[in-house]
Protein chains: 2
Amino acid sequence: MISKKTKYAINALVYLAKENKGTEPIQISKIAESENIPRKFLEAILLILKNAGMLSSRKGKTGGYFLHKSPDEINIADVMRLFDGPIALLPCVTHTYYERCEECKDEATCGIRSVFADVRNETVNTLKNATLTEIMLRAELMKKEKK
Amino acid sequence: MISKKTKYAINALVYLAKENKGTEPIQISKIAESENIPRKFLEAILLILKNAGMLSSRKGKTGGYFLHKSPDEINIADVMRLFDGPIALLPCVTHTYYERCEECKDEATCGIRSVFADVRNETVNTLKNATLTEIMLRAELMKKEKK
DNA sequence: TATAATTCCTATCGAAATAATAGGATTTTA
DNA sequence: TAAAATCCTATTATTTCGATAGGAATTATA
């Protein structure tokens, strides 16, 4: 399971991608209210997204947040890694957070590792393609189907 | 990341599938030593695998554990669910452990949910096919390649 | 029948992670 | 200068994880 931080972060990002037509920043409180996220918790989350270069902010009165990158450059894989660390299910199959399994005898011929490497590749692939644009597109399609 | 319980469980199962040629049970201590798993911790794990119907045991002197099912009927998906719960990354896309996301507005048209449903399907598919037989086969193939 | 060796079972513990809040410093507009 | 926003650090409560302790029950065998 992904953490609530990651889930809230994705929801906030999608919200900003949808609402932020002009360049006027949107306040934390507004996002929190609309997306049902605890105000103070969201504050911390947005700050992390900003420091990671996904969001920008304006301080002071009339301040708020807005996307720093284009919506098709922000994807779920990067957001997950930012808050939850590695996407892989075993430490020995992550690329950026690699760590050997202490109990393992021979990594190069481990059948278990081989399976989890496949899972990792599939998952990262799907999540890399899941940009904010893609997420909004999927939602649109489902709304049309519904009618 | 999967828990150490799941990782140890898979290792123990593969070990039993490989070593248990006759019907003589294998003792906890032997498995623990061979697979570098803390003895007492493994004890608890094997008990759970037994109660789930994957292992059988003989008590008392000359007692120990052995596979209850055939190695191609035991897969990683089931082991993971047993120890770590749902495989899905969002509560709203699991089949057996379904739970609504509190903060969600409309599940039926949620683009985020749609992405994580894809991930779930891919992962479950791969892990269901990852039986003990499959894992041993992969290891064999890699050993041959190495030469 | 006693003993040794094993699984079975419950309780407990410390450390880490998670979800969230508190409180104030800083910045900016008006 | 006041109001309203982000920025930043610390703290807390709860849950989960990894592991151990200690003994009860069971069984082969000397």
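In what follows, chains are A, B, ... by sequence order, proteins preceding strands, each numbered from 1.
- Summary of the strand contacts: B/L46 and A/D84 both lie near DNA chain C, and taking for each the nucleotide with the nearest heavy atom, the more 5' one is attributed to B/L46.
- Contact annotation for A/I28: backbone-only contact, meaning every heavy-atom pair under 4.0 Å involves sugar-phosphate atoms and none involves a base.
- Distance from the side chain of B/R39 is smallest for C/dT7 among the nucleotides C/dT7, D/dT6, D/dA19.
- The side-chain heavy atoms of B/T109 and A/E145, taken from C-beta on, include no pair separated by under 4.5 Å.
- Across every non-hydrogen atom of A/C110 and B/M142, the tightest pair is O-CE, 3.4 Å.
- The phosphate of D/dG18 has neither OP1 nor OP2 within less than 4.0 Å of any side-chain N or O from B/Y8.
- Taking atom CD of A/E24 as the reference point, atom P of D/dT6 lies 13 Å away to the nearest angstrom.
- To the nearest 0.5 Å, the span separating CG on B/N125 from CD on A/E122 amounts to 8.0 Å.
- Partner of A/L132 under the side chain to side chain contact (heavy atoms under 4.5 Å, CB included) criterion, out of A/D72, A/L67, A/V79, A/L137: A/L67 alone.
- Separating the CD1 atom of B/I37 from the C1' atom of D/dT20 is a distance of 16 Å, rounded to the nearest angstrom.
- Checking B/D118 against A/T126 by side-chain atom types alone, no donor-acceptor pair falls below 3.5 Å.
- Separating the CD atom of B/Q27 from the P atom of D/dA28 is a distance of 13 Å, rounded to the nearest angstrom.
- Rounding to whole angstrom units, CG of residue B/L47 and P of D/dA19 are separated by 18 Å.
- The phosphate of D/dC17 has neither OP1 nor OP2 within less than 4.0 Å of any side-chain N or O from B/K5.
- Residues A/K7 and B/C101 share a closest heavy-atom pair of NZ-SG, 3.3 Å.
- The side chain of B/K50 has C/dC8 as its nearest neighbour among C/dC8, D/dG18, D/dT6.
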Restricting both atoms to N or O, compile the protein contacts to nucleotides 24-30 of chain C shorter than 3.5 Å, with distance only.
residue, atom, partner, partner atom, Å
C/dT28, O2, A/K61, N, 3.4

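- For the side-chain hydrogen bond (donor to acceptor under 3.5 Å, both in side chains) test, no residue two or more places apart in sequence or in another chain qualifies with B/N129.
- When all heavy atoms of B/S56 and B/H68 are compared, the closest pair comes out as OG-ND1, 2.7 Å.
- With 3.5 Å as the limit, one finds no donor-acceptor pair spanning the side chains of B/E73 and B/T131.
- Where the helix from C/dT1-D/dA30 to C/dA30-D/dT1 starts and where it ends, the local axes point in directions that differ by 0°; five pairs per end, rounded to 10°.
- Rounded to an integer number of Å, the gap from A/L42 CG to C/dT21 P is 12 Å.
- Heavy-atom minimum distance, B/M1 versus A/A88: CE-O, 3.7 Å.
- Side chain of B/F41, nearest nucleotide from D/dG18, C/dA20, D/dC7: D/dG18.
- Per the geometry, CD belonging to A/E103 stands 11 Å off P belonging to D/dG18, to the nearest Å.
- Per the geometry, CD1 belonging to B/I45 stands 15 Å off C1' belonging to C/dT7, to the nearest Å.
- Between the CD1 atom of A/I48 and the C1' atom of D/dT6 there is a distance of 15 Å, rounded to whole Å.
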